[in-house]
Structures are given as C-alpha cells and as structure tokens.
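What you are looking at is a predicted structure, and each value in this text was computed from that prediction instead of being measured. In what follows, chains carry the letters A, B, and so on, assigned in the order in which the sequence lines appear, proteins first and then strands, with residues in each chain numbered from 1.
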2 protein chains.
Amino acid sequence: MPEAPLSSAPLFEGLSAADVAAILAAAHRRRYGRADFVCHQGDPVDAVYMVAGGRVRLTQLEVDGQEVVIRFIGPGDIFGAVAAFKVTQFPVSGEVVEASEVLAWDRATMVSLIERHPRLGQNLMAILSGRIQEMRERIGDLQTQRVERRIARALLRLAQQAGQRTATGILINLPLSRQDLAEMTGTTLYTVSRVLSQWEADGIVKPGRERVEILRPHALVTIAEDLPSP
Amino acid sequence: MPEAPLSSAPLFEGLSAADVAAILAAAHRRRYGRADFVCHQGDPVDAVYMVAGGRVRLTQLEVDGQEVVIRFIGPGDIFGAVAAFKVTQFPVSGEVVEASEVLAWDRATMVSLIERHPRLGQNLMAILSGRIQEMRERIGDLQTQRVERRIARALLRLAQQAGQRTATGILINLPLSRQDLAEMTGTTLYTVSRVLSQWEADGIVKPGRERVEILRPHALVTIAEDLPSP
DNA sequence: AAGCCTCTTTGCAGTAGCGCAAAGACAATC
DNA sequence: GATTGTCTTTGCGCTACTGCAAAGAGGCTT
C-alpha cells in the first residue's frame, strides 16, 4: 500500500504546504520498534501526537484487568488529544504492532499553533467529532447487534484502514489475533475462532495465525448489514 | 436543584464575563415543550447548540429500528458540535423530557467567535475530549461488565447529573422508563425491571413508574465497582 | 531438526440474559 | 369514576454466548 504523504493527513486539511511544513517543523520526532509502547495508560501527558509511519494498537485496561482494544491507528492519525485537552493522563496504552515513527507537539506549542492557524483547530475538532461518531456507532453495535455481525463490521473496518489487495482477496495487513478481534468486538477469543471457522467453511475468509484474509468482501457486507442473504 | 448560571458552563470556562455576554448575545434562542424534538437524526445541521434550561434525551436509531440512548443533557451542555464540525447531518435525535430553552450559534458564527476567543475553541476541544473519554468507558463497560453492574453505573451517573436529595435518598429527577435504562445500558426492559425488583427487595432503590429513587447509594457503588460486598 | 512457546481450534456443559405473553399498576382523559 | 393507554412486572422456555480443557498448528530459536 503506497503511503500517503503526511501533509494529506486530516489534521492538515485546507492548510498551505508552507503552513504544514512549519507545523511539522515544530514537532518532536521519535521512532519505536515492534512491541514498544508509545504510551502507557495512566502516564502523564501534555502533548498531541501523530503517527508518521507504522501502526499502533490502542488499548484500555479495565479495573478488573480485562483489556479493550479501542482502535488501531496508522500514518496521519493522531492520539493523545483527548488527554492533552481534558484529562492529564493517558486513558489508553499504545503498543506498536508495526515499527513506527511518532511526532509530538506539546500542549503549549499546539495551542499557539492553533492560534496562528485557526484551520488547525477546526481540523482537530473535526477529527474529535469523527471519533465521537465512530464510537457512537460502536456503542450502537454493542447494544443492538449480535456477535457475528460485530465481527464482520470490525473486519470490514480493518480492511478499510489496513487492507491490502492480494490475488485472492483482501489481506488485513497487521498482526491480528483472535484475542484482538474479541477485544474489539466485545466477545471472547473462542467465539471469534468459531465464527471465523464457520466463515472459512463458507469460503468467506481465510484465517491464519494472527492473520485474516477476506476472500468474499461482499458476503461479509451482507452479514454486516441488515440484508437478506442474496 | 438550584440551576447554575449559564456563564459557568464548561464552554465558557476561563472567559471574562464580558466575553461570555458577547458570545451569548450572538446566539439564537428557542423554547421547546415536553416531547418536542430539538433535532431529528438525519436533519441537516450547521450550528452548535447549548441547552439553557430543561433536559433533553439524545437517541440514536439503528438501521434495524432499534433505539439507543446516547445521553441526557441539561443546562450548559452542548450538542450538535459533532455534526457541525464533521458530518453534516444530526447523528442523533433530541427529545425534550423537561421543557427547555436552547441556544444556537451557526457554524460560521462559532468559527469566528473561536478566532476572536481562542479559549472558546480550547473549551470546545476539552468538551469533545471529555465526551470521548465517557464513551470509551461506556464501550469498556459494554464489552466487559455484566448487565447488573452497567445498570448500577448508569443510575449513579444519572444521579450525578440529575439527582435530587429527598428525605429517603436521591431521586433521579427526570422521567426515566425501564426502556430508557435498557437503551442506555444495552439490555432489555425486562432485565432492567427484574434487576430493579431485586434491588427493591434489598432496599437499595425504590422504583416507580418512569421514576427511580436511590435509597442506598453506597450499596449501588458496591455493585458498580469491583468491590467485595462489605 | 528438534523443541518450545504462543496462538488457535473445538467439544461440551453451563448460564446470563432474551423475549414472548399475560396480568397488574399507574396516570391521564372524558 | 370509569375508561383508556402506557408502563411495569414476572413466569417460562429458549438460545446465544461463555469458559474450561485438551489437543492441534504455526513460527521461532538453538
């Protein structure tokens, strides 16, 4: 998948190349390897971050020790904004699943950048708004839809953001265990395994070790939406 | 419950009284009666709204017709921001449960107000961030906690934002049906009814028609948190 | 190539919660 | 004060999903 340049990230929409360059120049950069943590839940935070390359899995730990996958983020995605503008601790942990580079603007820098480039603030609000919308959908799914459909939707979303065309279908191009999928959809790794096995029998997906390839995306859409199977 | 003045709303934090007055003056006002809708899911939207008085129930309709209660909002709370800065349609419907007054700033007005008062933009981001954080918690609850605990947490949250001290406990001061509670917690009205009946037998709550009074808040906290019952 | 670790599969039994149905309670209306 | 409509309760059967356990498979390391 050809990486889009960072300047086309949603955060920079509507800004001139010169402005983007200036904003990028104000960031600190840091590299991380696989399995590193870019942040730990509970750590103090006073900055906004952007993933410049690679992929990070954001998870939330419940008080009883259960883990919830909030989302996977990749190039151009930001994180830490929630913490920077409201709470002062990271509400999530970020584990690198694919070697990454991360940009950081500390809070004061970001505030002054926004004053200089109002569009940056609007973009940030649009990003936060979009995230709220996604979460509303996820809450709706969790409250009203069955597990099978939730898994189908999660796979389609992952295909959207990390899908790679192959000869036989679309490969979700990140290490994705049954446990990960379970923590994204509010079920157990056992149920995920059973559902994927069934779909494999139906020729819809080809599951592997920490790997899922979608063979018949349309069949998955049929399961994900409220359609009669045509 | 004495209504806090609107100027102390989170949106206006850190702004001078004069600034707040100017911002308020730029808003349009409108009144609504009980059961009116302040917005309908799918309606075009190009404004940010604030509830000045009363209470509104925000719901989301799933494609299959099932309803999800997103949250109840009251004086000082804003809505429509998600739509104004990202999608162009209301993602939720807002039904008035207690006669309300609503302020509205259209998008262009809000953008220029933010340019004049940067703090306003920061506050807006803090509000959106806070909402994301709440939704993360809700997702976590839905994925990892049992129904009884989710209901306990929902009641405690409602008590926080609409609780009224009584001689015997805390009354949740808005019309709240079993169905409402079910749609807030991802269960059915039957299960809510059964749980409340059990709690009534334990002397923890006193349920009524569209009404819940909490008699022993601490017992509810014990259920809501991961504590051994002391 | 062997061994090891982690991830995955699947059988099976158990249960939390669903959802229908029918009766009961409450509040508003005529 | 009777009636009507909505909201609530509760019994009962059911099912979707859980969670353990044990075996199987895949990818590293040495």
Side-chain angles (χ1 to χ4, degrees), chain A residues 33-35 57 62 64-69 95 97 141-152 154-155 171-172 174-202 204-213 223, chain B residues 33-35 57 62 64-69 95 97-98 141-155 171-172 174-202 204-213 223:
Chain A
R34 168 116 211 243
R57 188 183 64 159
E62 301 291 301
D64 54 2
Q66 291 186 80
E67 204 178 61
V68 174
V69 173
E95 185 183 358
V97 294
D141 281 358
L142 285 167
Q143 294 202 177
T144 67
Q145 306 300 327
R146 306 229 213 147
V147 167
E148 189 185 29
R149 176 164 295 168
R150 298 206 302 267
I151 297 172
L155 284 181
L171 173 67
I172 291 169
L174 49 81
L176 183 75
S177 69
R178 305 293 177 269
Q179 180 75 33
D180 288 333
L181 267 174
E183 290 176 4
M184 294 182 75
T185 54
T187 182
T188 62
L189 75 105
Y190 308 110
T191 299
V192 171
S193 175
R194 278 183 260 262
V195 169
L196 291 186
S197 293
Q198 179 57 52
W199 286 348
E200 183 177 22
D202 298 341
I204 297 172
V205 302
K206 180 155 175 29
R209 187 192 170 91
E210 296 200 309
R211 199 187 112 96
V212 180
E213 186 182 353
I223 296 168
Chain B
R34 167 115 212 244
R57 188 184 63 159
E62 301 291 301
D64 54 3
Q66 291 187 80
E67 204 178 61
V68 174
V69 173
E95 185 184 358
V97 294
E98 188 183 296
D141 281 358
L142 285 168
Q143 293 202 176
T144 67
Q145 306 300 327
R146 296 220 233 236
V147 166
E148 189 185 28
R149 176 164 296 169
R150 299 205 302 266
I151 297 172
R153 291 186 178 178
L155 284 181
L171 173 67
I172 291 169
L174 49 81
L176 183 75
S177 68
R178 306 291 178 269
Q179 180 76 33
D180 287 333
L181 267 174
E183 290 176 4
M184 293 181 75
T185 55
T187 179
T188 62
L189 75 107
Y190 309 110
T191 299
V192 171
S193 176
R194 280 183 258 262
V195 168
L196 291 187
S197 294
Q198 179 56 52
W199 286 349
E200 183 178 22
D202 298 342
I204 297 173
V205 303
K206 180 155 175 29
R209 188 191 170 90
E210 297 200 310
R211 200 188 112 96
V212 181
E213 186 183 351
I223 295 168

### Message
Please classify the nucleic acid contact of S177(B) as base, sugar-phosphate, or nothing, using heavy-atom distances under 4.0 Å.
### Response
sugar-phosphate
### Message
Is any side-chain heavy atom of E62(A) closer than 4.5 Å to one of D141(B)?
### Response
yes
### Task
Measure from CD1 on I151(A) to C1' on dC17(D) and round the result to the nearest Å.
11 Å
### Message
Closest approach to the side chain of T188(B), judged atom by atom: which nucleotide of dC18(C), dT8(C), dG19(D) is it?
### Response
dC18(C)
### Task
Ignoring the backbone of R178(B), work out which of dT9(D), dC7(C), dT9(C) is nearest its side chain.
dT9(D)
#### Entry: T191(A) side chain reached by T185(A) side chain, heavy atoms, under 4.5 Å
no
### Task
Would you kindly give the NZ-to-P distance between K206(B) and dT8(D), to the nearest whole Å?
14 Å
### Message
Nearest 0.5 angstrom please: L181(A) CG to E210(A) CD, how far?
### Response
11.0 Å
### Message
Holding to side-chain hydrogen bond (donor to acceptor under 3.5 Å, both in side chains), I want the full list of residues that pass it with S193(B), two or more places apart in sequence or in another chain.
### Response
none
### Query
Hey, does R194(B) reach any base, or is it just sugar-phosphate, or nothing, if we go heavy atoms under 4.0 Å?
base
### Query
NA contact type, S197(B), heavy-atom cut-off 4.0 Å: base, sugar-phosphate, or nothing?
sugar-phosphate
### Minimum-distance pair of heavy atoms, taken over all atoms of T188(B) and A182(B)
C-CB, 3.4 Å
#### Entry: Considering all heavy atoms, the nearest P175(A)-D180(A) contact
O-OD2, 3.7 Å
### Task
Return no unless some side-chain N or O of T191(B) is found under 4.0 Å from OP1 or OP2 of dG17(C).
no
### Query
So what does L196(B) hit on the nucleic acid, given a heavy-atom distance under 4.0 Å: a base, only sugar-phosphate, or nothing?
nothing
### Task
Return the value, rounded to whole Å, for the distance between atom CZ of R34(B) and atom P of dT6(D).
14 Å
Please tabulate the protein-to-nucleotide N/O contacts below 3.5 Å involving nucleotides 22-26 of chain C, giving atom names and distances.
| residue | atom | partner | partner atom | Å |
| --- | --- | --- | --- | --- |
| dC26(C) | O2 | R209(B) | NH1 | 3.1 |

### Task
Please state how far atom CD in Q66(B) lies from atom P in dC18(C), giving the value in whole angstrom units.
11 Å
### Query
Quick one: L181(A) CG to dC7(C) C1', roughly how many Å, whole number?
13 Å
### Query
Once you round it to whole Å, what is the distance between C1' of dC18(C) and CD of E183(B)?
15 Å
### Summary
Rounded to the nearest 0.5 angstrom, the CG-NZ distance for L196(A) and K206(A) is 12.0 Å
## Note on the structure
Taking for E148(B) and for L189(A) the nucleotide of DNA chain C with the nearest heavy atom, the one nearer the 5' end belongs to L189(A)
### Summary
The side chain to side chain donor-acceptor pair (under 3.5 Å) partner of Q145(B) among R149(B), Q143(B), E148(B) is R149(B)
### Relative orientation of the end axes in the helix from dA1(C)-dT30(D) to dC30(C)-dG1(D), expressed as an angle to the nearest 10° (five pairs per end)
40°
### Message
Do L155(A) and W199(A) make a side-chain contact, defined as non-hydrogen atoms from C-beta onward lying under 4.5 Å apart?
### Response
yes
### Message
So, taking the atom named CD in E200(A) and the one named CD in E213(A), what distance separates them when rounded to the nearest 0.5 Å?
### Response
11.0 Å
### Query
How long is the line joining CZ of R211(A) and C1' of dT6(C), in whole Å?
18 Å
### Summary
R146(B) CZ to dG14(C) C1', in whole Å, measures 12 Å
